[in-house]
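First the structure, in the form of structure tokens, and then the observations on it.
Letters go in sequence order (proteins before strands), and every chain restarts at 1. These numbers come from the heavy atoms of this one structure, side chains and all, not from hydrogens, waters or symmetry mates.
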Amino acid sequence: MSDLPAGVERHTFDGEERLATRGPPAYGEPTDGEWRAWDTGRSKVGAMLDRGLDTGLAADATVLYLGAAAGTTVSHVADMAGPTYAVEFAPRPARDLLDVAAERPNLFPLLKDAREPGTYAHAVEPVDVLVQDVATRGQADVALRNRRFLRDDGRLLLSVKARSEDVVAPPDEVFDRALATLREGYEVLATERLAPTHDDHLAVVAAPLSE
Amino acid sequence: MDGIDSSDRGWFEGIDRDDDEAATQAIRDGTADATADWPARAVESGFAADEGDYYDILHDATMAATRAAVQEYERSDDRQLQHSIRAMDDCERVANELAERVAEWAGTLVDDGGTGVGFCRDLADRDPAPAERRVVELARRVRDLDDEAAELRAGIERTAPEVAPNLSALAGPVLAARLVALAGGLETLARKPSGTVQVLGAEEALFAHLRGRAPSPKHGVIYTHEAVRNTHPDDRGSAARALAGKLSIAARADHYTGERRPELDEQLRERIATIRARRDDEAAEGAGSGAGGDGA
Ligand SMILES: C[S@@+](CC[C@H](N)C(=O)[O-])C[C@H]1O[C@@H](n2cnc3c(N)ncnc32)[C@H](O)[C@@H]1O
């Protein structure tokens with residue numbers, strides 16, 4: 001069980017203790033002074049921190065976030081971490097991501113396809129934490145392709161959605177297959193099912209294997 | 001700069017830090033094989049004064065690049081088509097609602113009352129007595145909304161065949177636009193299985209069915225298509241399935257190649273004719289045996 005990183009605290013909102021970061025509100029979440037609640041039901045990284053997983057996220061960490069969508073989670077990550085690169089390939093959510101990034105000078109939005117890291121390697125520096133939440137087929141493969149961004153002592157925080165890989169196969173089977181692929185380039189440090197808030201998802205913390 | 005492969009360059013290399021357009025383009029179109037410590041390189045090369053300065057420029061450049069890409073997408077023809085069809089529906093719906101209000105109100109003031117948008121158009125042309133001023137003005141708004149709906153429809157009939165030539169040929173431009181809008185784009189429509197295309201627009205009925213409260217819907221908006229509407233009610237499920245199948249193929253052809261495939265029109269016509277003929281045959285048989293076998 002790991003302590004919360006600096007910049008993430010537990011605050012009480014409407015009588016309920018929840019994770020929070022300091023920054024401009026982004027999606028109608030409740031606030032307490034400068035602090036805003038991190039909805040762990042909508043954010044897998046939030047759920048991972050809440051459960052005490054050692055994520056490697058820290059105040060000075062550089063982060064590459066794949067699958068940023070409208071920016072719900074990445075807004076909190078940018079609040080507490082260092083330079084944060086947010087990759088999303090769908091224009092519609094990217095429009096909302098722009099609003100979130102406009103208020104955060106350390107958040108860099110990129111409308112790119114995570115399957116093609118060469119299209120953003122010219123802008124993204126080596127990072128301490130690679131977060132991936134793309135909910136698309138071939139999630140482990142995307143993580144392998146993006147390993148090049150991760151520093152040797154960096155961490156991959158991967159969320160695998162079973163239904164994105166295979167709608168009929170039992171999730172456990174899908175997760176096993178994904179982990180087998182992932183081990184081609186990573187050492188898996190921890191895995192955790194995020195039920196009930198994120199049924200159907202497996203959270204993985206991994207470290208890059210040295211080449 | 002010889003010796004440095006362009007694929008190993010940071011986005012900022014070779015551009016002027018004050019040239020926003022070049023920066024936007026570099027972020028959007030640049031590539032590199034490998035990452036590098038770009039902030040340090042940018043400072044070393046003199047592009048940025050220090051890391052903080054670099055991040056400020058990077059923030060502006062990534063914001064501008066992403067905004068430009070999002071805007072391009074918003075302005076694309078299939079997005080415009082989606083807005084047009086929704087606006088047309090809104091104009092028609094509001095015109096009809098207002099027309100009801102006008103009819104009710106006018107009924108209290110004029111002897112020759114009436115109903116609907118048509119009545120509003122007549123009323124709008126009148127020179128109103130002082131007491132009728134407001135209701136006649138309202139009728140004019142209905143007429144204007146109705147005119148705007150017609151303009152929008154004309155625009156859709158012009159652009160849908162450009163955006164989706166096969167889909168428009170099979171479904172008609174307005175239904176084609178409606179399907180694109182319901183799917184959220186031509187690309188998403190092209191990716192949907194035909195079973196989903198069949199029930200697009202019937203989501204409520206579909207969810208009720210999935211919750212076990214209703215039979216599965218046989219068709220969504222495609223029921224407005226002649227192939228479904230003019231088929232015997234018992235065969236509409238089959239007709240809808242056949243139609244959805246061809247529409248899916250059409251959407252894929254439109255998205256992936258954009259080439260017109262006239263054979264699809266013929267195939268659809270044949271499929272529907274076969275479905276209808278089955279019933280005619282049965283009817284003929286039924287009638288034949290009843291009449292004592294003078295069939296043929
Ligand atoms: C489950 S959502 C992410 C939610 C987000 N991480 C959060 O917690 O706020 C998955 C996102 O990944 C995006 N995505 C899927 N495939 C992608 C790809 N190849 N490259 C970039 N983004 C992708 C989708 O468009 C979608 O917005």
For [X], is it the side chain, the backbone, both, or neither that has a heavy atom closer than 4.5 Å to a heavy atom of chain B?
{"X": "P126(A)", "result": "both"}
{"X": "A86(A)", "result": "neither"}
{"X": "L97(A)", "result": "neither"}

Report yes if the side chains of [X] and [Y] come closer than 4.5 Å at any heavy-atom pair, otherwise no.
{"X": "P39(B)", "Y": "E125(A)", "value": "yes"}
{"X": "F108(A)", "Y": "D60(B)", "value": "no"}
{"X": "H59(B)", "Y": "R104(A)", "value": "no"}

If every non-hydrogen atom of [X] is compared with every non-hydrogen atom of [Y], which pair is closest and at what distance?
{"X": "A26(B)", "Y": "H122(A)", "value": "O-NE2, 2.9 Å"}
{"X": "P109(A)", "Y": "T62(B)", "value": "O-CB, 3.2 Å"}
{"X": "T66(B)", "Y": "A94(A)", "value": "CG2-CB, 4.4 Å"}
{"X": "A121(A)", "Y": "A32(B)", "value": "CB-O, 3.4 Å"}
{"X": "T35(B)", "Y": "R148(A)", "value": "CG2-O, 3.4 Å"}
{"X": "M63(B)", "Y": "A101(A)", "value": "SD-CB, 3.7 Å"}

Tell me whether T119(A) contacts the main-chain N or O of T31(B) through its side chain, where contact means a donor paired with an acceptor under 3.5 Å. no

Without swapping roles, check the side chain of W11(B) against the backbone of Y120(A) for a donor-acceptor pair under 3.5 Å. no

Against chain A, label [X] side chain, backbone, both or neither, depending on which of its atoms sit under 4.5 Å from a heavy atom there.
{"X": "A36(B)", "value": "backbone"}
{"X": "E72(B)", "value": "neither"}
{"X": "Y55(B)", "value": "both"}

Option that, when pairs with chain A are counted at under 4.5 Å, heavy atom only, ranks first among L58(B), D29(B), D37(B), D56(B): L58(B)

Exceeds 12 heavy-atom contacts within 6.0 angstrom, atom [atom1] of [X]:
{"X": "R86(B)", "atom1": "CZ", "value": "yes"}
{"X": "R193(A)", "atom1": "CZ", "value": "yes"}
{"X": "Q80(B)", "atom1": "CD", "value": "yes"}
{"X": "D152(A)", "atom1": "CG", "value": "no"}

Winner by heavy-atom pair count (cut-off under 4.5 Å) against chain B, out of E88(A), R92(A), E116(A): R92(A)

